[in-house]
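What follows is a short report on a single structure.
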Amino acid sequence: MRLILLGAPGAGKGTQANFIKEKYNIPQISTGDMLRAAIKAGTELGLAAKKVMDAGGLVSDDIMIGLVKNRLKESDCQNGYLFDGFPRTIAQADAMKDAGIDVDYVLEINVPDEFIVERMSGRRSHPGSGRVYHITNNPPKVDNVDDLTGEPLIQRDDDKEDIVKQRLSVYHNQTEVLLGYYNQWAQSGLPGAPKYRRISGIGPVEEIREAAFAALSA
C-alpha cells in the first residue's frame, strides 16, 4: 500500500494515518523527520539542507525528493508507505512523478471549513498530561478545568479561530490544487496512475476509519 493522504489541516488526517499505518504495516513518511535525521547524520543532502535552512531559506524540491528517495530504500518501506503533508505543491507532485516514486492510492479526507474551524477552535488541552477536550463535543466536567487534576485548560495558539482560518487560507491557496491534479491523473488511465478516493471526515472516528479502509480496498 503506497498512498498519499490529502485534506485540509484539521480534517483528521493524522488520526486516520495511524489506523492505516497499523492495518497495512507501513511507515508514515514525514519530511520534517527526514530533514532532521539527514542533518543529524551529516549526509550530503542533510548538509545541503542545513546550509539553506541556516540562511533562512526553504529547502528545494530537489533536496526533498532526494531525501524521500533515500527514505523509501529503507527496509520498513518494503510493504509500502504513507505520505501525509507531502507533496504540498504541484511542483513537488511533478518531481515525485519524475523521480518514479510510485503511488497506488490518493485518499482525500473532505471536511468543510466551518466544521474544521468549529472542531479546532473548540479544543482545550491540559498542558501537563496532553489530555484534550472540546467545549461542545467532549467538554470537561467543569468549564476550562481538567477533570483529573483540577488545573486550568489552555487553548493552543494554533487552535485559535483566526490562526485556523489563516491555515485554511494557505491550504486553499497552495495545496488544494493537488486534489484536481491527482483526480485528473487517476482518470487519465495512464500507466502508473494512482486510484483517487474521497471520503467524508465528518462523523465518529471509527466510521471514518471504516470508510477509509473500504476506499483503499476498492
Side-chain angles (χ1 to χ4, degrees), residues 3-20 28-33 35-36 53 56-61 64 82-94 96 106-140 142-147 151-184 196-209 211-212 215:
L3 78 140
I4 294 171
L5 209 49
L6 294 178
K13 298 191 300 300
T15 300
Q16 297 306 319
N18 284 327
F19 292 136
I20 292 167
Q28 185 170 346
I29 305 299
S30 160
T31 50
D33 289 348
L35 268 174
R36 286 186 286 274
M53 291 164 71
L58 287 173
V59 177
S60 71
D61 292 342
M64 293 308 303
L82 182 156
F83 285 103
D84 170 19
F86 188 85
R88 288 184 187 275
T89 64
I90 296 290
Q92 290 177 347
D94 279 338
M96 279 182 71
V106 176
L107 179 65
E108 176 197 345
I109 301 179
N110 178 258
V111 182
D113 282 10
E114 60 267 27
F115 282 90
I116 289 175
V117 171
E118 191 272 337
R119 180 186 285 176
M120 295 180 76
S121 64
R123 287 197 296 216
R124 300 293 183 272
S125 58
H126 176 239
S129 67
R131 276 186 290 277
V132 178
Y133 301 84
H134 191 280
I135 56 175
T136 307
N137 303 329
N138 179 34
V142 179
D143 276 355
N144 281 316
V145 172
D146 179 55
D147 288 350
E151 293 170 349
L153 301 175
I154 63 161
Q155 182 183 35
R156 287 178 11 189
D157 285 344
D158 56 357
D159 283 340
K160 290 177 179 171
E161 186 170 332
D162 56 336
I163 301 295
V164 173
K165 288 180 175 176
Q166 187 180 330
R167 291 176 67 198
L168 285 169
S169 176
V170 170
Y171 168 77
H172 291 309
N173 290 331
Q174 295 182 8
T175 306
E176 195 172 38
V177 290
L178 288 172
L179 307 185
Y181 175 98
Y182 282 113
N183 210 343
Q184 282 186 324
Y196 190 95
R197 299 289 183 261
R198 185 186 202 213
I199 63 169
S200 171
I202 299 171
V205 167
E206 294 76 15
E207 278 184 21
I208 300 165
R209 178 190 65 197

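Annotation: side chain of Arg131 is not in contact with side chain of Asp147 (no heavy-atom distance under 4.5 Å). Contact annotation: the side chain of His172 approaches that of Asp113 to within less than 4.5 Å [non-hydrogen atoms, C-beta and beyond].
Heavy-atom minimum distance, Asn183 versus Tyr196: N-CD1, 3.6 Å. When all heavy atoms of Val111 and Ala11 are compared, the closest pair comes out as CG2-O, 3.8 Å. Closest non-hydrogen pair, Gln16 versus Ala212, comes out as OE1-CB, 4.4 Å. Considering every non-hydrogen atom in both Gly12 and Arg119, the closest pair reads N-NH1, 4.0 Å. Taking every heavy atom of both residues into account, Ala8 and Ile116 meet most closely at CB-CD1, 3.6 Å. Nearest heavy-atom pair across Asp157 and Ile163 is O-CG1, 3.4 Å.
Contacts of Gln174 classified as side-chain contact (heavy atoms from CB on, under 4.5 Å), with partners at least two apart in sequence or in another chain: Val170. Scanning for side chain to side chain donor-acceptor pair (under 3.5 Å) contacts around Glu161 gives Lys165, with sequence neighbours left out. Shown here are the side chain to side chain donor-acceptor pair (under 3.5 Å) partners of Asn18, two or more places apart in sequence or in another chain: Lys21. Shown here are the side-chain contact (heavy atoms from CB on, under 4.5 Å) partners of Gln184, two or more places apart in sequence or in another chain: there are none. Pro127 is linked by a side-chain contact (heavy atoms from CB on, under 4.5 Å) to Ile154, counting only residues two or more places apart in sequence or in another chain. Here Arg88 pairs with nothing under the side chain to side chain donor-acceptor pair (under 3.5 Å) rule; sequence neighbours left out.
A distance of 8.5 Å separates CD1 of Ile29 from CG of Leu82, quoted to the nearest 0.5 Å. Note: Asp159 CG to Ser121 OG = 8.0 Å, rounded to the nearest 0.5 Å. In this structure, the separation between CD1 on Ile202 and CG on Asn110 is 7.5 Å, given to the nearest 0.5 Å. Here the CZ atom belonging to Arg123 is positioned 8.0 Å from the NE2 atom belonging to His134, to the nearest 0.5 angstrom. Rounded to the nearest 0.5 Å, atoms CG (Asp84) and CD1 (Ile109) are 8.5 Å apart. Atoms CD and CG, from Glu108 and Leu6 in turn, are 7.0 Å apart once rounded to the nearest 0.5 Å.
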Exercise for review: Apply the test side chain to side chain contact (heavy atoms under 4.5 Å, CB included) to residues Leu107 and Ile20: give CA-CA distance (whole Å), side-chain angles for both, the deciding distance (0.1 Å), then the verdict.
Suggested key: CA-CA 11 Å; Leu107 179 65; Ile20 292 167; 4.1 Å; yes
Point to revise | Check against side chain to side chain contact (heavy atoms under 4.5 Å, CB included), Ile208 and Phe19 | key: CA-CA 10 Å; Ile208 300 165; Phe19 292 136; over 6 Å; no
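Atom CG of Asp162 sits in a crowded spot, with more than 12 heavy atoms from other residues, nucleotides or ligands closer than 6.0 Å.
No hydrogens or angles considered: a donor-acceptor pair under 3.5 Å links the side chains of Asp146 and Tyr133.
Between Asp158 and Arg156 a salt bridge is recorded (basic side-chain N to carboxylate O distance below 4.0 Å).
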